[in-house]
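For reference, the structure discussed in these notes is given below.
Since this is a predicted model, take the numbers as computed values, not measurements.
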Amino acid sequence: MTQKPLFSLSPGDTLSELRDTYFPPYITLAHTFNAPAGWGISHRVLKQFQLQYVLSGCAQYTIEGKSFLTQKGDLLFHRPGERHSVSTIPGEPYVCLSLVFHFGQSAFPLDELLPGANDLGNFAGHEVERKLTSLVIHYRQPGLVHQLQAQTLLMELLLMFNRLAGERSVQEASAAQRNNFTRLVLAKNHIIEHFAEELMIKDLETITGFSGDYLIVQFKKTFGMTPIQYQIHLRVEKAKELAVHEGLTPSEVAQRVGYRDIHTFGKMFKKKTGTSLSQFCATLFTEDWDPEI
């Protein structure tokens, strides 16, 4: 009867078969594989962790229904119990590096290092590729030292994946923040251009793609005031400008900044500035002010 390969067994069933390995992580497969034409794996489920790295060529990989067209440098990771399939592409080569490992009977919290991800990224020419290749070389050689080297490299890789995932999250967050800021600036510009019109939050939702509540919170967080508060701020500043530089009456100013009712405008202006528009204008000039100057 042909003995099953170690990587296909339950972790506990492999321990007695491992040589020169005395503590986790236990590596049960580390090799490079040059796939023959038409090669594929369909709906396989392992009881151990697996890393699959594309050295050259490409292949279609599916993990729990999620499909990945893997190319040179791509690294995929799947967990025990995750159903996966691999199929080569007609006319295309596929050379991969496969690494299967486990942590024995202990429930090692690997998801804390690699939370949720199957696609770990592309590492063509990266240190990750060199470490994976070196790991396979050590694993394929007998002796305690080589096995220790392979285990050490595996732990270094897991820590590296965690660090790189963290850096990628920060970069993605920064990109998202820049994108959000750009959208908020578009909303701000819209308010500036239409400050004298009725402000409709739904218009800003259309411009930004944000929900109303999220938009208001982010706008205030970014610019220090809500969209409505910002519009009122613009109206106050424009009212000052019109009254001083164009000599308009308070009623005319009110209409120009979007108020049909002079009394509503007057209450708003005094609330925001602490004075009426007429008093504001009066304070700009001293008693000896010469209109000819």
Side-chain angles (χ1 to χ4, degrees), residues 1-15 17-18 21 25-103 108 110-111 113-141 150-151 153-154 157-158 160-161 164-165 168:
M1 184 176 181
T2 304
Q3 184 178 7
K4 290 184 177 180
L6 293 182
F7 69 83
S8 68
L9 302 177
S10 298
D13 294 334
T14 69
L15 297 180
E17 302 298 325
L18 295 172
T21 305
Y26 300 101
I27 302 171
T28 58
L29 176 69
H31 75 160
T32 57
F33 175 67
N34 190 343
W39 174 84
I41 295 173
S42 182
H43 304 299
R44 183 173 69 177
V45 177
L46 295 180
K47 299 175 182 179
Q48 305 175 40
F49 300 99
Q50 181 171 16
L51 290 167
Q52 188 93 347
Y53 182 73
V54 184
L55 291 168
S56 65
C58 57
Q60 190 72 38
Y61 214 106
T62 303
I63 303 174
E64 288 295 317
K66 293 181 291 186
S67 197
F68 306 90
L69 178 60
T70 58
Q71 304 178 57
K72 177 178 170 59
D74 287 342
L75 179 63
L76 294 182
F77 168 70
H78 51 85
R79 300 159 180 75
E82 290 187 327
R83 187 178 300 275
H84 57 279
S85 302
V86 192
S87 58
T88 54
I89 297 173
E92 295 289 340
Y94 180 56
V95 181
C96 66
L97 183 155
S98 292
L99 173 62
V100 183
F101 61 96
H102 64 82
F103 292 89
F108 185 80
L110 191 56
D111 276 344
L113 292 178
L114 303 174
N118 290 121
D119 181 2
L120 298 183
N122 187 282
F123 300 99
H126 190 277
E127 184 181 0
V128 165
E129 183 176 82
R130 293 190 290 272
K131 285 183 179 291
L132 283 168
T133 303
S134 182
L135 188 159
V136 171
I137 292 171
H138 283 293
Y139 179 79
R140 306 302 292 180
Q141 299 181 68
Q151 290 174 283
L153 284 165
L154 175 55
L157 283 163
L158 295 178
M160 185 178 292
F161 297 148
L164 293 171
R168 187 161 55 245

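- Atoms OG1 and NZ, from Thr14 and Lys4 in turn, are 13.5 Å apart once rounded to the nearest 0.5 Å.
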- Task: Just do the side chain to side chain contact (heavy atoms under 4.5 Å, CB included) check on Phe123 and Leu164 with the steps written out, would you?
- Result: CA-CA 11 Å; Phe123 300 99; Leu164 293 171; 3.5 Å; yes
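- At distances below 3.5 Å, not a single donor-acceptor pair connects side-chain atoms of Lys72 with backbone N or O atoms of Gly57.
- Counting heavy atoms from C-beta outward, Pro80 and Phe49 have side chains that approach closer than 4.5 Å.
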- Item | Stepwise side chain to side chain contact (heavy atoms under 4.5 Å, CB included) check, His84 with Leu46 | CA-CA 9 Å; His84 57 279; Leu46 295 180; 3.9 Å; yes
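- Atom OH in Tyr61 sits 12.0 Å away from atom CG in Asp119 (nearest 0.5 Å).
- Between Leu154 and Tyr139, every side-chain heavy-atom pair lies at or beyond the 4.5 Å cut-off.
- Considering all non-hydrogen atoms of both residues, Met160 and Lys131 come closest at CE-CE, 3.4 Å.
- The two residues Pro5 and Ser8 have their closest heavy-atom pair at O-OG, 2.7 Å.
- Counting all heavy atoms, side chain and backbone alike, Ser98 lies closest to Gln50 at OG-NE2, 3.7 Å.
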- Task: Walk me through it: do Thr70 and Val86 pass the test side chain to side chain contact (heavy atoms under 4.5 Å, CB included)?
- Result: CA-CA 10 Å; Thr70 58; Val86 192; over 6 Å; no
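- Using modelled atom types, one side-chain atom of Thr88 and one backbone atom of Trp39 make a donor-acceptor pair closer than 3.5 Å.
- Among all heavy-atom pairs drawn from Gln52 and Cys96, the shortest one is NE2-SG, 3.3 Å.
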- Candidate pair His78 and Lys66, rule side chain to side chain contact (heavy atoms under 4.5 Å, CB included), full reasoning: CA-CA 11 Å; His78 51 85; Lys66 293 181 291 186; over 6 Å; no
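- In this structure, Arg83 places its CZ atom where only 12 or fewer heavy-atom neighbours from other residues, nucleotides or ligands lie under 6.0 Å away.
- Looking at every heavy atom in both residues, Val128 comes nearest to Leu157 through O-CD2, 3.9 Å.
- For Gln151 (side chain) and Pro25 (main-chain N/O), a donor-acceptor pair under 3.5 Å exists by modelled atom type.
- In this structure, Phe161 and Leu51 have side chains that are in contact, with non-hydrogen atoms separated by less than 4.5 Å.
- Applying the side-chain hydrogen bond (donor to acceptor under 3.5 Å, both in side chains) rule to Thr133 yields no partners; only residues at least two apart in sequence or on another chain are considered.
- Taking 4.5 Å as the limit, some side-chain heavy atom of His102 sits within range of a side-chain heavy atom of Leu15.
- For the pair Glu82 and Asn118, the minimum side-chain heavy-atom distance is below 4.5 Å.
- For the pair Leu110 and Phe77, the minimum side-chain heavy-atom distance is below 4.5 Å.
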Which pairs would a plain distance check flag for residues 26-36, meaning a side-chain donor or acceptor within less than 3.5 Å of a matching protein atom at least two apart in sequence or in another chain?
unit_1: Thr28; atom_1: OG1; unit_2: Gln48; atom_2: OE1; d: 2.7
unit_1: Thr28; atom_1: OG1; unit_2: Val100; atom_2: O; d: 3.4

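- No donor-acceptor pair closer than 3.5 Å links the side chain of Asp74 to the backbone N or O of Leu76.
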